[in-house]
Amino acid sequence: MEKSEGTSDSQRPWQSYHTVYTNAKAGMDGVDKEKVQRIVYEMSKGSKYFENEERKEAIMKQKVEHMHSRCAKLTPADISHYQKVADKRIAELEATRDLSRIWLHVDMDAFYAAVETLSDPSLKGKPMAVGSMSMISTANYEARKFGVRAAMPGFIARKLCPDLLFVPPDFKKYTYYCDLTRKVFRSYDPNFMAASLDEAYLDITEVCRARDVTGGDIAEELRSRVHEETGLTCSAGVGPNRLLAKVCSDINKPNGQFVLPNDRMAVMTFISSLPIRKIGGIGKVTENVLKGVFGISTCEELLQKSGFLSALFSHSTTDFFLSVGLGLGGTDTPQVRFRKSISNERTFSATDDLNLLYQKLDEIAENLSADMQEEGLSGRTLTLKLKTSSFEVRTRALTLQKYICSKDDILKSALKLLKAELPVSLRLIGLRMSHFKEEEKVAVPFDPTQKTLAAFVRAGDASRNNLDDESSLGSVDELHLMNEMENDFRLDHHKICHHESGDPLDSNHLSDLNCGSCNSQKNVVEQEKIHDPSSDEIAGEEKTIDAQPKGKQMLQLLETDSSVPWELKSCNLIRVNGNTDIHAQTNDVASSSLTEDLVWVDDYKCSLCGIELPSNFIEERQEHSDFHLAERLQKKESGTCPPVSTRQRIVRKEENTANQSRQKKRKSASTKDKYLPIDTFFVKSNQNF
DNA sequence: GCGGATCAC
DNA sequence: TATGGTGATCCGC
């Protein structure tokens with residue numbers, strides 16, 4: 001705004017520190033952005049992190065200047081040529097426009113924070129954040145009024161809002177509620193795409209047609225049902241493609257919706273004044289480049305400057321920008337995709353101590369190997385990732401002749417890579433494996449429930465270790481778990497993973513956990529049929545239409561019918577013949593005493609957490625009371641169970657499966673310490689706010 | 001094939 | 001005191 005930037009910078013230096021925390025997001029309306037920016041600046045100033053941010057900022061400016069000068073060198077002939085190229089491409093893209101589908105994007109409001117408030121109603125109305133002093137995952141709307149937001153370190157958030165309450169994350173709760181929402185989603189679109197724990201895309205074309213209702217009607221009904229079944233609110237966007245639906249769901253958040261009609265004029269009007277930053281795939285850097293080089297801030301301007309864009313950017317990037325300008329986005333039912341890499345990384349307090357570094361590398365290698373073996377993968381390219389104590393990130397890769405997956409093989413190569421970097425002071429080490437063995441790629445798709453289970457198991461060991469090691473910022477496995485769930489890897493489970501028994505304690509699952517080969521031959525064949533080779537090489541066009549050329553993880557998610565944490569389901573097993581009175585079957589002393597005070601007030605409201613579930617939602621009620629049972633078992637036995645190895649845990653589970661209530665209780669105890677609250681973690685779930 | 005960067009969640 | 005982890009993709013070599 002101010003032209004006298006030099007002056008204003010020296011008087012108000014925080015104005016030149018461009019954090020992401022002051023971006024306009026839902027719930028940030030009344031925020032004093034100047035104050036937030038000043039405090040963030042003051043808390044960050046002088047830190048290694050801050051210095052690195054400044055370095056990155058300088059690089060970005062350089063990039064803008066470089067492109068600007070390239071732009072200035074274009075001759076009138078050049079410009080004329082590239083404009084023709086762009087116009088032709090625009091016409092081609094326009095011809096692909098498909099207004100026949102109705103997409104709905106659902107986004108839970110402040111999901112983790114809302115769930116925590118549900119389980120502890122005393123939090124209601126108070127500023128609260130899920131996370132730790134190091135990092136915040138989600139903040140509720142009361143906290144957002146102070147400028148507190150996801151991805152902000154807790155110590156800065158506390159400065160902004162001294163009364164801010166911190167709640168440690170509890171993924172088990174989130175996945176439980178996530179599953180309740182997904183049951184609702186599934187009833188509208190059995191093939192819906194889960195984008196994360198709290199976000200999903202639904203193709204509601206058929207529902208609208210069959211019931212002769214509008215997309216807006218469905219959105220209202222779906223949101224209402226989600227609220228009935230979970231007590232949580234969500235926001236929805238309806239539009240002719242996923243890109244637009246996603247933008248729409250952000251407009252009336254929280255607890256609102258916005259419908260964009262399947263009409264070309266409506267789309268063009270909507271998109272014209274839309275800031276480019278609202279588009280998925282356009283982040284801080286791209287926004288700055290487009291603004292700085294071409295003066296582009298709205299989607300409409302992407303078309304107006306199309307000639308310059310096609311002159312300076314690659315085909316695929318240009319296609320993306322032009323598609324956005326036209327309001328095009330993915331309308332297809334997504335194809336199956338396969339994992340291309342698998343990784344494990346961990347942040348710790350910076351050190352240059354070789355023994356410590358080797359120890360960290362050893363842990364990472366072990367985790368990575370375990371993950372790979374769970375999925376039956378082996379790869380031949382290993383990438384070492386390092387973050388120095390000054391936050392500089394480096395990667396070093398090595399491609400081998402043979403495929404590897406054992407810890408020893410991984411560690412051997414990793415050590416070679418690391419040694420070449422010494423001496424160095426590090427705060428993060430990571431390992432990534434890619435270039436998977438071809439025949440194993442097919443086996444990659446898996447039932448995420450199993451992965452989840454396995455990750456839960458390891459998470460327990462890791463958290464125990466972290467508690468023992470105060471210097472560790474750890475909890476990588478919790479993060480890992482979370483990301484596994486978020487990334488979802490959905491295949492169309494209706495077509496593929498059909499050996500799913502639905503029984504979480506099914507011994508098949510346990511053996512899968514160990515050997516990682518969950519796919520039957522039949523599955524393999526079907527996957528090959530579904531796999532679209534175009535996803536590997538081109539399809540600039542397809543990508544374009546999906547309007548997400550880079551960074552987009554339109555990974556499909558593997559949705560299953562059994563994403564309830566298996567611990568909860570195991571409680572369900574206690575039930576006999578549909579009897580919903582858990583006490584009748586739970587002879588286990590601990591179990592009965594733990595849920596005896598759960599009653600349905602006025603026959604619809606849970607006396608423990610206030611969630612509202614009508615009496616005809618019998619199964620949901622049972623799951624809900626099971627949830628409280630598991631929660632209490634966890635609390636009650638917290639810290640009483642000695643740490644056990646992953647393998648021991650698995651064995652113990654098998655015993656439990658075969659035995660009766662006494663051992664069930666034991667199992668609960670053994671599973672519970674997987675969820676010890678961990679101080680450090682990070683999961684950005686509500687960054688759209 | 002490598003390394004840096006960007007993006008999303 | 002203190003600023004995350006996983007996965008994908010693109011660009012320029």
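In the text below, chain A, chain B and the rest are named by the order of the sequence lines, each starting its count at 1. All values below were derived from every heavy atom in this structure, side-chain atoms included, with hydrogens, water molecules and symmetry-related copies excluded.
Picking from C:dA8, B:dT6, B:dG3 the nucleotide with the shortest atom distance to the side chain of A:T286 gives B:dT6. The side chain of A:A151 lies closest to C:dG4, out of C:dA2, C:dG4, B:dG1. Checked against B:dT6, C:dA8, C:dA2, the side chain of A:F155 finds its nearest nucleotide in C:dA2. With C:dG5, B:dG4, C:dC10 as the candidates, the nucleotide lying closest to the side chain of A:S316 is C:dC10. The side chain of A:I342 approaches C:dG7 more closely than any other nucleotide in the set B:dG3, C:dG7, C:dG5. With B:dG3, C:dT3, B:dT6 as the choices, the nucleotide that has an atom nearest any side-chain atom of A:P153 turns out to be C:dT3. Distance from the side chain of A:T395 is smallest to B:dG4 among C:dC10, B:dG4, C:dG5. Side-chain proximity of A:K385 to the nucleotides C:dT6, B:dC2, B:dG1 is greatest for C:dT6. Closest to the A:S196 side chain, of the nucleotides B:dC7, B:dC9, C:dC11, is B:dC9. For A:I156, whose side chain is taken as the heavy atoms from C-beta onward, the closest listed nucleotide among B:dG1, B:dC2, C:dT3 is C:dT3.
When all heavy atoms of A:W103 and A:A245 are compared, the pair lying nearest together is O-CB, 3.7 Å.
Here A:R339 reaches the OP1 or OP2 of C:dG7: one of its side-chain N or O atoms lies under 4.0 Å away. Between A:T381 and B:dG1, a side-chain N or O to OP1/OP2 separation shorter than 4.0 Å is absent. Within the structure, every side-chain polar atom (N or O) of A:S47 is placed at least 4.0 Å from both OP1 and OP2 of C:dT3. Of the side-chain N and O atoms in A:R427, none sit less than 4.0 angstrom from OP1 or OP2 of C:dA2. In terms of phosphate contacts, A:S343 brings a side-chain nitrogen or oxygen within less than 4.0 Å of OP1 or OP2 of C:dG7. OP1 and OP2 of B:dG4 both lie 4.0 Å or more from every side-chain N or O belonging to A:K387. Remark: A:H315 is not in phosphate contact with C:dC10, judged by side-chain N or O atoms under 4.0 Å from OP1 or OP2.
Computed from coordinates, the A:L382 CG to B:dG3 P distance equals 11 Å when rounded to whole Å. The CZ atom of A:F321 sits 13 Å away from the C1' atom of C:dC11 (whole-angstrom rounding). With rounding to whole Å, A:M67 atom CE is found 11 Å from C:dC11 atom P. Distance A:E374 CD to C:dT6 P: 13 Å, rounded to the nearest Å. In this entry the distance linking CD of A:E51 with P of C:dA2 reads 13 Å, nearest Å. In this structure, the CD atom of A:E421 is 14 Å from the P atom of B:dC2, given to the nearest Å. If you take CD1 of A:I59 and C1' of B:dA5, they are 9 Å apart, rounded to a whole angstrom. With rounding to whole Å, A:F348 atom CZ is found 17 Å from C:dT1 atom C1'.
Each of A:R380 and A:R394 was assigned the nucleotide of DNA chain B with the nearest heavy atom; the assignment lying further toward the 5' end belongs to A:R380. Mapping A:F391 and A:S314 onto DNA chain C via the closest heavy atom, the residue that lands nearer the 5' end is A:F391. The nearest heavy atom of DNA chain C to A:R432 and to A:L312 marks one nucleotide each, and the one closer to the 5' end goes with A:R432.
Looking at residues two or more places apart in sequence or on another chain, you find a side chain to side chain contact (heavy atoms under 4.5 Å, CB included) between A:K35 and A:D32, A:R38, A:I39. By the side chain to side chain contact (heavy atoms under 4.5 Å, CB included) test, A:V40 is found to be paired with A:Y17, A:T19, A:Y21, A:V36, A:S44, A:M152, A:I156, residues two or more places apart in sequence or in another chain being considered.
Side-chain atoms of A:S390 and A:N52 form no donor-acceptor pair, as typed in the model, at a separation below 3.5 Å. Residues A:S69 and A:E65 have side chains that never bring a donor and an acceptor to within less than 3.5 angstrom of each other.
A distance-only check finds no donor-acceptor pair linking the side chain of A:R158 to the backbone of A:P153 [under 3.5 Å].
The residue A:R158 sits close to a base: some heavy atom pair falls under 4.0 Å. Contacts of A:S44 with the nucleic acid, taken as non-hydrogen atoms under 4.0 Å apart, include base atoms. Nucleic acid contact for A:K159: none, since no nucleic acid atom lies under 4.0 Å from a heavy atom of the residue. Within 4.0 Å of A:L384, counting heavy atoms only, lies no atom of the nucleic acid at all.
Atom name C1', nucleotides B:dC7 and C:dG4: the rounded distance is 15 Å, in whole Å.
The aromatic rings of A:Y201 and A:H105 lie tilted to each other, with the angle between the two planes from 30° to 60°.
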